[in-house]
Amino acid sequence: MINFLFTFSTLIHMDFREIEEKWQKRWEESGIFQADPDNREKFFITIPYPYLNGNLHAGHTRTFTIGDAVARYKRMLGYNVLFPMGFHVTGTPIIGLAELIQKRDERTIRVYTQYHNVPEDVLLTLTTPERIVEYFSKEAERAMRMIGYSIDWRRKFTTMDECYQKFIEWQYWRLKEKGLIVKGSHPVRFCPNDNNPVEDHDLLMGEEATIVEYTVIKFKSEDGVIFPCATLRPETVFGVTNIWLKPTKYVLAKVNGEMWIVSFEAFEKLKYFDKKVEKLGEIDAKEYFGRFVENPVTKEKVPILPAEFVDTDNATGVVMSVPAHAPYDYVALKQLAKDEETLKKYGIDRKLVESLKPIVLIKIEDEDYEVPANEIVEVMGISDQKDEALEKATKIIYKKEYHKGVMLENTFFPNIPVAEAKDKVHDYLIKNNLGDVFYEFSEKPVVCRCGTKCVVKVVKDQWFINYSNEEWKRKVLEHLERMTIIPDYYKKEFRNKIEWLKDKACARRKGLGTRIPWDKEWLIESLSDSTIYMSYYVIAKFVNSGKLKPENLVPEFFDYVFLSKGSVEEVAKKSGLSKEVIEEVKREFEYWYPVDLRSSGKDLVANHLLFFLFHHVALFPEKYWPKAIAVNGYVSLEGQKMSKSKGPLLTMKKAVEEFGADVTRLYILHAAEYDSDADWRRKDVEGLANNLRRFYEIVKENYFKEPKEVTTLDKWLISRMQKAIKETRDAMEKLQTRRAVNAAFFELMNDVRWYLRRGGRNLVLILDDWIKLLAPFAPHICEELWSLKHDSFVSLERYPEYDESKVDEKAEVAENYIRTLLRDISEIMKFVKDAKEVYIAVAEDWKREVAKIAKQTGNMKEAMKVIMSDERFKDLKKEIPSFVKRLFKEGFDFYEIDERKVISEAIEFFEKELRVKVYLDESKVPEEKRKAAMPGKPAIYVV
RNA sequence: GCGGGGGUUGCCGAGCCAGGAAAAGGCGCAGGGCUUAAGACCCUGUCCCGUAGGGGUCCGCGGGUUCAAAUCCCGCCCCCCGCACCA
């Protein structure tokens, strides 16, 4: 009794954490996850290192746990598995965070204490980037140990380490030598007050705004003044009838030596565009109304006219008018012709305005209208240029013409689709200095966190990585085809993104990181310093053990280790290392490389994972290019998006403390598959904890029972186990952790429930396999259970093999038979009051003919045709489809089981379940019921 | 707009590629068992109808192919994600 009570209470209060900590300690002490080269086949799996501006959260937990499950699974398959981890600290957010903490920013303090669970007194000391890195790297490592990842911790590093920086410098020198680093300029969102580019999270307003590139077309007046018309539709330049200015003041400016007339706002913006800009004076637009300018493309002279709809805060504030295709222009022109007052005010001849006829220059196949702008304006009933509906009208026309339109004969590009002509005109303008570009936000306003309105700034002379390089892209694309991408449809996505990738600025002024070795004013930007660092895990082991020092890491050393360039003697001399050490590092690199699997969140597809591919292809020999990439989705909390900087957030540590490592792991692995998003729901997590506890109890209760004689039921259980092994393995090969956990845990659990309900007493027969099967997912509890009987680590055991000889289809069919029969009987008993006895009659033998026919034809379609047309079966047309379906689903053994025998052996079970007497007795079952019986579906009679 | 993914039973989510079960599993809810009780655990039910294992309706909407469609084909509607220099 005392013993019972004790057991009982330990079960109730079974503390996952206690078990987990015990095994984490043992793993650590035994060093079983430290991977060094040996004669086994290797498997090198990496996960993107976390960025340390906060604690690891449920999102990390998902990606990392998938990685760990795969690592453990592969290890149990016999691979020598390397699963390392480092920390990313490059860039600005950590600095930003330090500043916020220093300033005691209220929101930051709240978010970091409440969601990141940093104690306030500790948080307030994190006022420098160094302290932040120090603190969060320790926390991250602790969290990852708490959840039981099988990481080789001897290889950890941060991207600020001196040795890492040597490695990055080497990489950039080599890229530069290959001509893949180029200089250029590009537009960025910029805060004039902070004097810095702004990132999304630095914005108060306008996070959605993108930078739009307007084409500027230089219309010139006789006195040489340029009216820079900004447009998104340069192809319509062939249809310009006039240009518009708002009747207000403009600026006369000298722009790169030319005289430009632009709005005041535009002038301010121009200052940031990497141009020489000088204000010469102010002019009033009215001085120009009625005067003419020359269309630089058609050489036509067109008048300058006033229009109220012109927005001086959009682009240059000078607009060209294409009334045939632009509803605004059409309406404004019509309106002006009628507006006596305005015409008089500016001394414009009405005849002039009336003479301006729309010039149609685009046609749309299958549609036949004269002047598109006219038609839409009439349909929508717009007559005022300030009508907001014009915006919509413009969009409709634009959309149609862009996608379906073709240029007409009166343009330079007859019969060319509009989408193409647009670029051609743009290029023509730029090439001949007849045009320019003007950057503008797609939405306004865009406001920095400091309250200042942002501008677009063109950063000049910046270093770029030349991803647009065709040769480079081609190689990456070719390699992509050879790679495994999981899930497979992401290969298409990668293909598109590789083609779309443009040159990328790789340098920044501010932040943590490595300086560009040949231009020390610039720092290498954070996504650009994390492309090939998987190779650095090899180096890091030697750095951490003290064998490699920063001064040893000369470029020639990396050349030799990674690329086999140069001679060991030379490298020894240059690096100050012994030949042995150099060779040892090289051997280790050559053993581990390439990366066999990089498993990552889907947010990195369009950036990091691309760069990862590009840089490997550029720098390493082909045999070291990555083998596979897997992508997983996000995690939300009770349906809410997580946010590092705003909350809500669930840290990895908190999840483990609260629910335990195995529960957290199992839950996150099971919550969603592949790139679909998972939702962390407390209720579900608790439910899972119960299931896991139940597993623990069941194993403990049965593990030491002496095996008894093996029954059909036992064979069924063993067979089910084989199916589960097969399913789990197959799922894991495809990285389907949800399916794997479903098969290895939930479905087996259901089978075990049935087995126990059926009175099974030999559960012990499958327990070793079950524990091993679950070990990659819930390693702690599995170690604990395994250790009850064995002296080894289950983590190092061989994963269960699927053994077809143990599959017993007949036993499975028999159990299904019993299950179905039980269900049918109880279904009927619902309708019989005070049922006392149940009689069962199996179908007559001749009905097995159906199965024979089905087997002969081999497919459902054929079988149904043949059987249904058979006279003998015409009374059974209701029963046959489901029978045939079962045949094809459960296999043809189905009709070969001895139903009478199966039923006889289960009578006792039926009686226990149903609490009535059950007889297998044909004579007691009425004729009409017996007639409807089919093989597998006996007649039932309840009295 | 371009590109990728998706709309399934109260919810989450399998199934769809290889057409043949009101459609796995989990959660929730209801009833029963166990228990002094609660929790846990074990059964049963959970679209509608039904005093015999049955019938009806169902997988975003509308058509089509087929003996048979959640699954294949066509059209439409809606939702999510990426479009960068930011980790």
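In the text below, chain A, chain B and the rest are named by the order of the sequence lines, each starting its count at 1. This is a predicted model, so every value here is computed, not measured.
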query = Say you pick atom P in B:rC12 and the same atom in B:rG64; how far apart are they, in whole Å?
reply = 31 Å

query = Whole-Å distance between B:rG53 C1' and A:D824 CG?
reply = 5 Å

ask   = How many Å lie between NE2 on A:H670 and C1' on B:rC12, as a whole number?
value = 10 Å

ask   = A:N607 near the nucleic acid: base, sugar-phosphate alone, or nothing, with a heavy-atom cut-off under 4.0 Å?
value = base

message = What contact category does A:S826 fall into here, base, sugar-phosphate, or nothing, at under 4.0 angstrom with non-hydrogen atoms?
response = nothing

ask   = Below 4.0 angstrom from OP1 or OP2 of B:rG5, is there any side-chain N or O of A:K492?
value = yes

note = Residue set satisfying ring-ring contact (aromatic ring centres under 6.0 Å, His included) with A:F190, at least two apart, ordered chain then number -> none

query = Strictly under 6.0 Å, is that where the ring centroids of A:W680 and A:F659 end up?
reply = yes

message = Any base atoms under 4.0 Å from A:N750, or only sugar-phosphate, or nothing? Heavy atoms, all strands.
response = sugar-phosphate

key: B:rA69 pairs with, by Watson-Crick or G-U criteria that keep both distances under 3.5 Å   = none

Hey, what are the protein-to-nucleotides 79-81 of chain B N/O distances that come in under 3.5 Å?
residue	atom	partner	partner atom	Å
B:rC81	OP1	A:K641	NZ	3.3

request  = Would you indicate, yes or no, if B:rG3 has its OP1 or OP2 atom less than 4.0 angstrom from a side-chain nitrogen or oxygen of A:R495?
outcome  = no

inquiry  = At 4.0 Å (heavy atoms only), tell me whether A:D529 reaches a base, stays on the sugar-phosphate, or touches nothing.
reply    = nothing

request  = Specify the residue among A:N691 and A:R823 whose closest nucleotide of RNA chain B lies further upstream toward the 5′ end.
outcome  = A:N691

task = Answer yes when A:K924 and A:E837 have at least one side-chain N-carboxylate O distance shorter than 4.0 Å, and no when they do not.
result = no

inquiry  = Strictly below 4.0 Å, N to O, side chains only: are A:E638 and A:R682 in salt-bridge contact?
reply    = no

note = Those residues at least two apart in sequence (or on a different chain) that pass ring-ring contact (aromatic ring centres under 6.0 Å, His included) with A:F614 are A:Y467, A:W472

key: A:R819 CZ to B:rA24 C1', straight-line distance once rounded to whole Å   = 12 Å

query = Between A:K700 and A:E697, is the closest basic N to carboxylate O distance under 4.0 Å?
reply = no

request  = For A:A606, report the nucleic acid contact type (base, sugar-phosphate, nothing); a contact means any heavy atom under 4.0 Å.
outcome  = sugar-phosphate

request  = Name every residue in residues 751-760 of chain A that has at least one heavy atom under 4.0 Å from any atom of RNA chain B, in order of residue number, or write none if there are no such residues.
outcome  = A:R753, A:R757

task = Decide, yes or no, whether a salt bridge links A:E747 with A:K723 under the criterion of side-chain N to carboxylate O below 4.0 Å.
result = no

key: Salt-bridge criterion met for A:K602 and A:D677 (N-O under 4.0 Å)   = yes

task = Pick base, sugar-phosphate or nothing for A:P938, based on heavy-atom distances below 4.0 Å to the nucleic acid.
result = base

remark   = Residue set satisfying ring-ring contact (aromatic ring centres under 6.0 Å, His included) with A:Y674, at least two apart, ordered chain then number -> none

inquiry  = Once you apply a heavy-atom cut-off of 4.0 Å, does A:L604 come out as touching a base, just sugar-phosphate, or nothing?
reply    = nothing

request  = Tell me what A:N742 touches on the nucleic acid: a base, only sugar-phosphate, or nothing, going by heavy atoms under 4.0 Å.
outcome  = base

inquiry  = Per the salt bridge (Lys or Arg N to Asp or Glu O under 4.0 Å) rule, what does the pair list look like for residues 663-673 of chain A, sequence neighbours excluded?
reply    = A:D68-A:R665

Sugar-phosphate, base or nothing in reach of A:Y489, heavy atoms under 4.0 Å = sugar-phosphate

